[in-house]
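A, B, ... follow the sequence lines: proteins, then strands. Residue 1 opens every chain.
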Amino acid sequence: MNPFSSGTRLRDMIRAIRACKTAAEERAVVRKECAAIRAAISENDQDYRHRNLAKLMFIHMLGYPTHFGQMECLKLIASAGFPEKRIGYLGLMLLLDERQEVLMLVTNSLKQDLNHSNQYIVGLALCALGNICSAEMARDLAPEVERLLHGRDPNIKKKAALCSIRIIRKVPDLAENFMGPAASLLKEKHHGVLIAGVQLCTDLCKANTDALEYLRKNCTEGLVRILKDVSNSPYAPEYDIAGITDPFLHIRVLRLMRMLGQEDADSSEYMNDILAQVATKTESNKNVGNAILYECVETIMGIEATSGLRVLAINILGRFLSNRDNNIRYVALNMLMKAITVDAQAVQRHRTTILECVKDSDASIRKRALELVFLLVNDGNVKPLAKELIDYLEVSDQEFKGDLTAKICSIVEKFSQEKLWYIDQMFKVLSLAGNYVKDDVWHALIVVISNAPDLQGYSVRSLYRALQTSYEQESLVRVAVWCIGEYGEMLVNNVGVLEVEEPMTVTESDAVDAVEVALKRHSSDMTTRAMSLIALLKLSSRFTPTSERIKEIVTQHKGSVALELQQRSIEFNSIIQRHQNIKSSLVERMPVLDEAAYLGKRAGSSQPTLSAEKSSKPTTSAASLKLPNGVAKPPAAPLVDLLDLSSDDAPVLPSAPNDFLNDLLGIGLPNSSSSGAAPSTTTDLLMDLLSIGTSPAQNGPSDSNVVPSSAKAAESKPAPVTAPVMDLLDGLPSNASPPRDENLVYPTITAFESSTLKIAFSFEKQPEKPQVTLISATFTNLSSSTLTNFIFQAAVPKFVQLHLDPASSSTLPANGNGTITQSLRVTNTQHGQKPLAMRVRMAYKFNDEDKLEQGQISNFPPGL
Amino acid sequence: MINFVLLISRQGKVRLTKWYSTYSQKERTKVIRELSGVILSRGPKLCNFVEWRGYKVVYRRYASLYFCMCIDPDDNELEILEIIHHFVEILDRYFGSVCELDLIFNFHKAYYILDEILLAGELQESSKKTVARLIAAQDSLVETAKEQASSISNIIAQATK
């Protein structure tokens with residue numbers, strides 16, 4: 001006998017390996033064994049081949065490489081005896097997978113064994129084929145398997161049926177061949193064959209619509225009968241589990257019924273009775289019963305069941321949901337997600353319970369429940385749901401916060417109806433879990449803030465407040481730093497205070513402190529620091545007293561090891577020192593970021609190229625191209641609703657990757673800021689930079705530093721949209737610039753007329769901004785006395801934003817001997833869906849008497 | 001469909017793996033490492049399902065062993081629990097109150113039994129008795145072959161004496 005191969009017995013080897021105390025020892029033992037086995041293989045030892053293979057399997061299970069034993073499997077399979085074949089096939093299934101070419105070599109042996117006279121050898125071959133066959137093998141051996149389906153022995157039949165499943169999964173074209181045999185398997189009595197047959201039918205239905213039709217026609221009746229028999233069967237010890245006869249067969253028949261009854265009223269009708277019986281009579285105090293009920297509910301939801309049956313199913317789910325067993329609650333949540341398409345109302349009823357499940361201690365249940373809650377949110381319940389979720393965010397597990405944050409953000413964005421609410425919720429999320437907020441989410445927040453002039457003051461103050469307690473939340477810090485940089489003066493001067501706000505005093509140096517802390521914190525990353533530097537630069541021009549200090553802070557970073565920071569620090573330093581004359585215009589507030597462009601970009605769909613954009617514009621309008629905002633959009637581009645994230649067709653501004661302005665003012669914000677920068681060739685850079693301060697922002701938030709007090713009072717009324725905003729540089733009225741030749745023409749209307757007063761509205765609209773309408777209101781005094789202290793106020797529905805410019809005068813001469821004009825800018829966010837409407841109120845002194853007139857304007861020309 | 005079956009011990013040692021979907025050796029090691037980390041760290045009162053890479057893993061602990069089965073997302077998790085129990089009961093009957101050591105030293109037997117219960121990732125037999133009978137019949141085939149072989153070698157040994 002070969003001295004190398006005698007080796008140890010399998011049992012001894014396992015013992016030796018188990019006795020090893022360290023991994024190194026184990027490796028040594030395995031190495032020794034493998035060496036012996038390799039030697040035996042090269043000696044072509046036959047006596048111990050099966051033992052060696054068994055050892056290899058054990059070694060394989062421990063994770064060591066065993067590829068050298070693969071050929072041994074084939075040799076064992078090719079030998080004549082049952083014991084050799086048995087271990088050979090086992091080795092084949094363990095050591096090989098379908099992608100190895102060695103596997104092809106076994107096809108012939110398999111074919112022989114499938115035709116063997118010994119049923120157990122046929123069984124081994126079928127088992128191997130069913131577990132690891134490749135597509136080619138499936139094609140080669142399908143006829144053999146199909147033949148075996150017609151055999152007599154139930155053991156062979158059930159194995160052949162399951163083997164056919166693998167064949168169909170690998171080669172769906174072969175499905176047709178198995179339709180007939182599969183249908184006839186359902187007439188068997190043997191449960192094993194039935195189970196295998198039902199499964200084969202289910203897979204056939206998935207693979208092939210013809211098969212589905214065929215089985216629907218031929219098997220529905222038989223299936224109902226099988227289920228009836230098995231559920232009414234008397235106690236059968238062989239198949240009994242907790243008082244139910246063969247639950248596995250139950251479940252598989254129910255699953256096939258779901259396939260057959262789907263979108264087919266006739267067969268569904270046929271199943272109703274037995275489904276009702278199973279749903280009502282199955283005991284639900286054991287897992288087995290619940291497994292059947294679960295499957296039954298799913299089938300009822302899947303087929304065209306009667307409404308009564310659906311109610312029954314929903315009730316079962318309700319019971320599941322209140323079950324104490326976590327498994328049952330898990331499947332209930334799972335099922336409710338499917339039920340929501342069938343009966344959303346019924347699922348909504350369980351909302352509180354589901355919300356409780358979000359806070360469960362079990363991660364699997366939490367995840368399910370969170371996804372379900374996400375589906376349950378609608379306009380009506382978004383506020384309480386979001387509040388609950390955000391409250392929970394505070395106490396939730398660390399590993400759950402990521403998921404939870406993402407879901408909350410997407411709920412808040414999707415369903416927000418007002419900006420204030422959206423901003424509030426986002427601030428809460430940022431301060432609780434800012435580290436989990438994705439970049440695009442806080443970018444979007446900045447875009448929204450930039451577009452909400454009346455909320456900018458509120459935002460910057462809230463962020464400042466939040467910053468004091470949550471410096472560790474990276475994205476909160478970034479948003480806060482950005483806002484302080486942009487709107488720092490609103491923080492200090494308490495501009496645009498909302499009613500809900502608590503008063504707060506922040507000095508200029510406090511604001512600089514906040515940014516400095518962000519800049520110097522260890523945990524702050526590069527982007528945050530770079531953003532802080534920019535914020536400081538901006539503050540230096542807004543808060544002149546602090547500029548010396550800011551200069552110092554900036555200078556400190558001249559030696560920063562991070563190249564980006566160093567470069568910025570040096571650049572900014574030279575701006576502060578040597579370019580005082582351009583600094584103020586250089587660090588002017590960012591132009592309003594284009595929401596539609598950002599949202600479109602976020603959706604990542606359309607990407608018009610820069611050149612196409614430019615060529616579409618006549619060269620004569622090049623000047624308007626330089627307008628900092630909005631103009632670069634294609635004409636008449638549909639502006640999308642602020643929070644409608646699904647807007648794939650939104651116009652997208654080309655991102656100019658090396659846009660200097662972008663780079664300078666919006667580091668870390670390439671997405672949100674590129675829309676603010678006019679697309680321009682690099683040679684225009686300086687022009688661009690300088691044009692911001694001088695060219696009027698068309699829909700800029702801030703044109704009202706010269707608001708007379710009376711107009712200011714008027715403006716504060718129609719809040720929340722038109723709180724006056726201070727802007728130091730931009731003194732031009734907003735309607736100065738639109739190119740007239742592109743304007744659409746609307747008739748002038750008489751908006752209001754009373755015995756003393758007449759108001760006429762004329763309209764202007766820029767084609768590239770269909771949402772925005774510029775209204776010139778002309779007030780005429782019809783009475784014989786002069787009206788003084790004239791104040792015009794207007795209010796609009798929530799979907800409209802209104803901006804009132806100062807009136808030309810507050811005195812209206814009598815008898816129409818003069819007029820007051822006042823410009824209004826309205827932005828209809830639901831343009832095209834909802835018409836414009838407005839309420840107006842005029843207050844004035846008439847013969848030294850205070851008078852008040854009110855009216856509603858609904859005769860706006862269509863298309864506004 | 002069951003994509004794979006995994007038996008891991010409390011210490012994270014693999015006791016049995018059976019792959020019904022194609023995974024390369026590398027992926028297999030990774031899957032085992034990932035899943036044993038997730039499953040072994042779950043508390044006792046939690047539900048028996050773990051969502052993993054878009055699949056669900058149903059697991060159940062018996063003494064020191066975790067039986068895990070990875071299934072498609074639309075499969076019936078509760079039924080898989082029953083299949084696991086079905087498998088355990090059959091092992092129990094075969095080995096006579098099975099313990100981890102039985103499965104270590106007779107791992108191939110455990111595989112043979114599993115091959116009679118599952119095939120192509122689907123349930124093959126719902127009767128414990130039938131499985132036991134089939135295994136017994138095949139075991140006796142092996143025994144007879146062994147006896148024959150030893151009797152032949154005895155004859156040869158005697159003849160060559």
Considering only heavy atoms and a distance below 4.5 Å, find which of [options] pairs most often with chain A.
{"options": "B:Val50, B:Leu134, B:Ile32, B:Leu118", "result": "B:Leu134"}
{"options": "B:Gln25, B:Glu51, B:Met1", "result": "B:Glu51"}
{"options": "B:Asn76, B:Val14, B:Val142", "result": "B:Asn76"}
{"options": "B:Leu16, B:Asn48, B:Leu123, B:Asp139", "result": "B:Leu123"}
{"options": "B:Lys129, B:Glu143, B:Gln124", "result": "B:Gln124"}

[X] portion near chain A, given a 4.5 angstrom heavy-atom threshold:
{"X": "B:Asn106", "answer": "side chain"}
{"X": "B:His86", "answer": "side chain"}
{"X": "B:Thr29", "answer": "neither"}
{"X": "B:Phe107", "answer": "side chain"}
{"X": "B:Leu101", "answer": "side chain"}
{"X": "B:Thr144", "answer": "neither"}
{"X": "B:Lys13", "answer": "side chain"}
{"X": "B:Ile83", "answer": "both"}
{"X": "B:Arg15", "answer": "both"}

Side chain, backbone, both or neither of [X] within contact of chain B (heavy atoms, under 4.5 Å):
{"X": "A:Glu84", "result": "neither"}
{"X": "A:Leu96", "result": "backbone"}
{"X": "A:Ser134", "result": "neither"}
{"X": "A:Ile241", "result": "side chain"}
{"X": "A:Tyr89", "result": "neither"}
{"X": "A:Leu124", "result": "side chain"}
{"X": "A:Leu10", "result": "side chain"}
{"X": "A:Asn118", "result": "side chain"}
{"X": "A:Phe248", "result": "both"}
{"X": "A:Leu95", "result": "backbone"}
{"X": "A:Lys85", "result": "neither"}
{"X": "A:His190", "result": "side chain"}
{"X": "A:Asp246", "result": "side chain"}

Which of [options] touches chain B most, by non-hydrogen pairs under 4.5 Å:
{"options": "A:His67, A:Arg252, A:His191", "value": "A:Arg252"}
{"options": "A:Arg166, A:Lys367, A:Met57, A:Arg86", "value": "A:Arg86"}
{"options": "A:Asn334, A:Asp325, A:Ile365", "value": "A:Asn334"}
{"options": "A:Asn327, A:Val331, A:Ile251", "value": "A:Asn327"}
{"options": "A:Asn155, A:Leu126, A:Leu62, A:Val193", "value": "A:Asn155"}

Under 4.0 Å between a Lys/Arg side-chain N and an Asp/Glu carboxylate O for [X] and [Y]?
{"X": "B:Arg53", "Y": "B:Glu34", "answer": "yes"}
{"X": "A:Arg366", "Y": "A:Glu371", "answer": "no"}
{"X": "B:Lys45", "Y": "A:Asp362", "answer": "no"}
{"X": "B:Glu125", "Y": "A:Lys158", "answer": "yes"}
{"X": "A:Asp203", "Y": "A:Arg169", "answer": "yes"}
{"X": "A:Arg258", "Y": "A:Glu295", "answer": "yes"}
{"X": "A:Glu298", "Y": "A:Arg255", "answer": "no"}

Query raised in the report: So, do B:Ser126 and A:Glu238 sit near enough that their side-chain heavy atoms are less than 4.5 Å apart?
Result: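 Answer no - side chains too far apart.
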**Report entry** OH (B:Tyr55) with more than 12 external heavy atoms under 6.0 Å
**Finding:**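 Check fails, neighbour count at 12 or below.
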Query - Verdict with supporting geometry, B:Ile2 and B:Ile80, side-chain contact (heavy atoms from CB on, under 4.5 Å) - result: CA-CA 9 Å; B:Ile2 298 168; B:Ile80 299 296; 4.1 Å; yes
Query raised in the report: Is there a salt bridge (charged side-chain N to carboxylate O under 4.0 Å, His left out) between A:Arg329 and A:Asp360 once you walk through the steps?
Result: CA-CA 11 Å; A:Arg329 283 197 307 161; A:Asp360 202 89; 2.6 Å; yes
Query - Ring geometry between B:Phe4 and B:Tyr23 (parallel below 30°, tilted from 30 to 60°, perpendicular above 60°) - result: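 Because their plane-to-plane angle is over 60°, the rings of B:Tyr23 and B:Phe4 count as perpendicular.
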Query raised in the report: What is the ring orientation for B:Phe67 with B:Phe87, classed by angle as parallel under 30°, tilted 30 to 60°, or perpendicular over 60°?
Result: perpendicular
Query - Worked verdict on B:Arg28 versus B:Trp19 for side-chain contact (heavy atoms from CB on, under 4.5 Å) - result: CA-CA 9 Å; B:Arg28 291 181 187 184; B:Trp19 308 85; 3.5 Å; yes
Report task. Under the side-chain contact (heavy atoms from CB on, under 4.5 Å) rule, what do B:Arg42 and A:Ser364 come out as? Steps first, then yes or no, please. Result -> CA-CA 10 Å; B:Arg42 277 176 70 86; A:Ser364 300; 3.4 Å; yes
Query raised in the report: Which atom pair, heavy atoms only, marks the closest approach of B:Ser127 to B:Thr130?
Result: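 So the minimum-distance heavy-atom pair works out to OG-OG1, 2.8 Å.
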Report task. May I ask you to establish whether A:Arg15 and B:Phe105 are in a cation-pi arrangement, using a distance under 6.0 Å from NZ or CZ to the six-membered ring centre and at most 45° from the ring axis? Result ->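 Yes, A:Arg15 lies over the aromatic ring of B:Phe105.
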Query raised in the report: To the nearest 0.5 Å, what is the distance between CG (A:Leu200) and CD (B:Glu122)?
Result: 10.0 Å
